[in-house]
Protein chains: 2
Amino acid sequence: MVRKATAQDVADLAGVSRSAVSLVLNGRAQGHIARDKQQAIIDAARQLNYTPNAVAVSLRNRRTRTIGVLTWSSPSGFSIPMLHATLKTTTAAGYLSIFMDTANDRDHQSQALATLRDHQVDALLVIAPDLIDYRPAEVMRTIPTTLVNCLDPSGGLTSVVADEHGAGSAAAGVLIEAGHTSLGVIAGPSDSMQSRLRLEGIEAAAAANRIGVSVQAVLNRDIDSGFAAARTLLSASEAPTALICTHERLAVGAVLAAANLGIAIPADLSLVSMDDGEQLASQLVPHLTTIERPDRAMAEQAVTATLQGVDEDDGGEIRQLTLNCSPAIRDSVARPQPPNRRPCPQADRR
Amino acid sequence: MVRKATAQDVADLAGVSRSAVSLVLNGRAQGHIARDKQQAIIDAARQLNYTPNAVAVSLRNRRTRTIGVLTWSSPSGFSIPMLHATLKTTTAAGYLSIFMDTANDRDHQSQALATLRDHQVDALLVIAPDLIDYRPAEVMRTIPTTLVNCLDPSGGLTSVVADEHGAGSAAAGVLIEAGHTSLGVIAGPSDSMQSRLRLEGIEAAAAANRIGVSVQAVLNRDIDSGFAAARTLLSASEAPTALICTHERLAVGAVLAAANLGIAIPADLSLVSMDDGEQLASQLVPHLTTIERPDRAMAEQAVTATLQGVDEDDGGEIRQLTLNCSPAIRDSVARPQPPNRRPCPQADRR
DNA sequence: CTGAAAGCGCTTACAG
DNA sequence: CTGAAAGCGCTTACAG
């Protein structure tokens, strides 16, 4: 293994001291070092293919230009767009991301955080897979930390979340505007804050428009649950003309159920999916109209906020950012058909 | 911000030298340090909540216990199970993973690799989103590197891939064993090595059993393409009784198409999906029988191999690991119906 | 305008 | 059995 060149090697080759090398290469040479020596240093550095050892720089500067990202597994997994955006934004800022994925309990998380602290990460990002209240760990008092998709009830930490209630209202709004007067909702488990807020948003918008809502709550946010709930909803005597699924995979199940029942989307049934984190809803047949949590923007804002915290030595201002979820109109919403043209669900052919 | 305790702080509190602290805390005290001093050091360390500064340790030991993971974006994105398994295995080995996601071109990749090298990662993992031949970069001659889902034609690097050809044969095998005598295949683009190998595997198994195969090649591995291809295949006068989709999202499209055509799975049509990386195929209605690329195992083997490379200073043995893809039998395969019971595809209700 | 020195926080030979 | 010293590779006051 070829040893990497050090500043000393460059200094030797250029015939100057190590300090001069550091000064020149860090752009603080003006008025300090003679022009010809500067050039010699630059040439030598290029010739030796020199780049500073980031570990040594980190030790010296007490800054690692590294951010720790804590995640933990959950049935809903984590969001790829958020991951991508985190990586992209940190890289653009000249930082490295160290990911730690743990089990969903305090002990494992503390351990992961201790490792991150030992490695002297400059800042921390906590990305929760599901919207929750998060009680900050001890280290977060000494390392700038930003919460993503979770809230610190004590208000001590900056957090970035989506306006889930508003998202629910927006979903209902799209359907109401299209002329629907009865809404079916397939909602995630009520012990999930996210599911609850979305449902409340839907119900608020419906109530404001004096529109009835029939809700099917499911235990899991998976395809099977969406399928079963949709069958129940669509087989009822007074089946709704429009459906909202509070989660992406529920929508996949609903689309499958509709197809099996011979119900055409959007001709016979309008459908709005919340979430498109897996780029599933938007790519289904037909492409679903969605209300999307702005995962990329959330990650960008969070990285920006947390890096701001490392530059301002007071840790930066504490804020709570709530991002809007906006509708992406695609092909799954139409005006409701007059009642007499509504289809008779066929026998199940599953 | 509270300063973290250093070894010096511990030494002061325990009334010993820094070296003694290091010795004791690294378990090399036996026969060197008096028992009571050892205890004093341990107590002091606990009291000050001391843990070594990993950056300093890295500089001193010239080992960062860190591995760099290079990925790049592609339409097919990257595999969450692989990601999870990478994280889990590195953590278990006491290493940290630094992820770098780049654009799919050599320049961006070189830059990312340079950053990783500057940060002195002990080893490198290259995770390709699609099976390709990968020409190693310069740094990989000096840092132990393992390729995942890609091959080094020059044979200089250890690589971990899946037996895609065998996977194709296995898929066909499941269907042939169930009694099917005509196979439809929805195959990914032929410029993809993975798609090509899978198709060849299918064709080889079919040929060995004197069974006809009708292939629909698609340009993109997305739901729309699977949908369109399935409609074509299933609307033909001699429609196959069984379908293989070489990729997960194609299978989603095929299931949707079948539902729209009133074709029941598995009663009227058997279906096998290759891949279940998104846990989509396995959770569809019905749950699809799949041949799965062993993403988790691939990542585990790769991490193990590359860390082996850092311990053996010759960089370790160079191997090419080809992992098997095994069938996961679920609910989408049945014996073919006698011809007279085959359904007439209904008019399209999409 | 430039070089020698100190120090970031560790570990490991080495001298006593 | 223990402590003082050197050194990992850098940067930044500081003295000249």
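Just so it is clear: chains get the letters A, B, ... in the order the sequence lines come, proteins before strands, and each one is counted from 1.
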Can you name the atoms? Protein N/O to nucleotides 10-13 of chain C N/O, anything below 3.5 Å, with the distance.
unit_1: dC10(C); atom_1: OP1; unit_2: Tyr50(B); atom_2: OH; d: 3.0
unit_1: dC10(C); atom_1: OP1; unit_2: Asn53(B); atom_2: N; d: 3.1
unit_1: dC10(C); atom_1: OP2; unit_2: Ala7(B); atom_2: N; d: 2.8
unit_1: dC10(C); atom_1: N4; unit_2: Arg18(B); atom_2: NH1; d: 3.2
unit_1: dC10(C); atom_1: N4; unit_2: Arg18(B); atom_2: NH2; d: 2.4
unit_1: dT11(C); atom_1: OP1; unit_2: Asn26(B); atom_2: ND2; d: 3.0
unit_1: dT11(C); atom_1: OP2; unit_2: Ser22(B); atom_2: OG; d: 2.8
unit_1: dT11(C); atom_1: O5'; unit_2: Ser22(B); atom_2: OG; d: 3.4
unit_1: dT11(C); atom_1: O2; unit_2: Arg60(B); atom_2: NH1; d: 2.3
unit_1: dT11(C); atom_1: O4; unit_2: Arg18(B); atom_2: NH2; d: 3.4
unit_1: dT12(C); atom_1: O4'; unit_2: Arg60(B); atom_2: NH2; d: 3.1

task = Take atom CG of Asp12(A) and atom P of dA4(C), then tell me their distance rounded to the nearest Å.
result = 12 Å
key: salt bridge (Lys or Arg N to Asp or Glu O under 4.0 Å) pairs, two or more places apart, involving residues 295-310 of chain B   = Arg293(B)-Asp295(B)
Partner set under side-chain contact (heavy atoms from CB on, under 4.5 Å) for Val57(A), not counting sequence neighbours = Pro52(A), Asn61(A)
query = From the list dT2(C), dC1(D), dC8(C), which nucleotide is the closest neighbour of the side chain of Ala34(B)?
reply = dC1(D)
inquiry  = Taking side-chain contact (heavy atoms from CB on, under 4.5 Å) as the definition, give me every residue that meets it alongside Gln8(B), ordered by chain and number, with sequence neighbours left out.
reply    = Thr6(B), Ala11(B), Asp12(B), Arg18(B)
key: Aromatic ring pairing Tyr134(A)/Trp72(A), orientation class (parallel under 30°, perpendicular over 60°, tilted between)   = parallel
ask   = With sequence neighbours left out, which residue pairs that include part of residues 107-126 of chain A fulfil the salt bridge (Lys or Arg N to Asp or Glu O under 4.0 Å) condition?
value = Asp118(A)-Lys4(B)
query = If you find the nucleotide of DNA chain D closest to Leu59(B) and the one closest to Lys37(B), which residue's nucleotide is nearer the 5' end?
reply = Lys37(B)
query = In whole angstroms, how far is the C1' atom of dC8(C) from the CZ atom of Arg63(A)?
reply = 14 Å
query = Does NE2 in His108(A) sit with more than 12 non-hydrogen atoms of other residues, nucleotides or ligands closer than 6.0 Å?
reply = no
remark   = Between CZ of Arg117(A) and C1' of dG9(C) the distance, given in whole Å, is 15 Å
ask   = Any side-chain heavy atom of Thr86(A) sitting closer than 4.5 Å to one from Leu125(A)?
value = yes
query = Would you say Thr146(B)'s side chain and Thr158(B)'s backbone share a donor-acceptor pair under 3.5 angstrom?
reply = no
ask   = If a stem is a run of at least 3 consecutive Watson-Crick or G-U pairs, both distances under 3.5 Å, which stems include DNA chain C?
value = C:1-3 with D:14-16, C:5-12 with D:5-12, C:14-16 with D:1-3
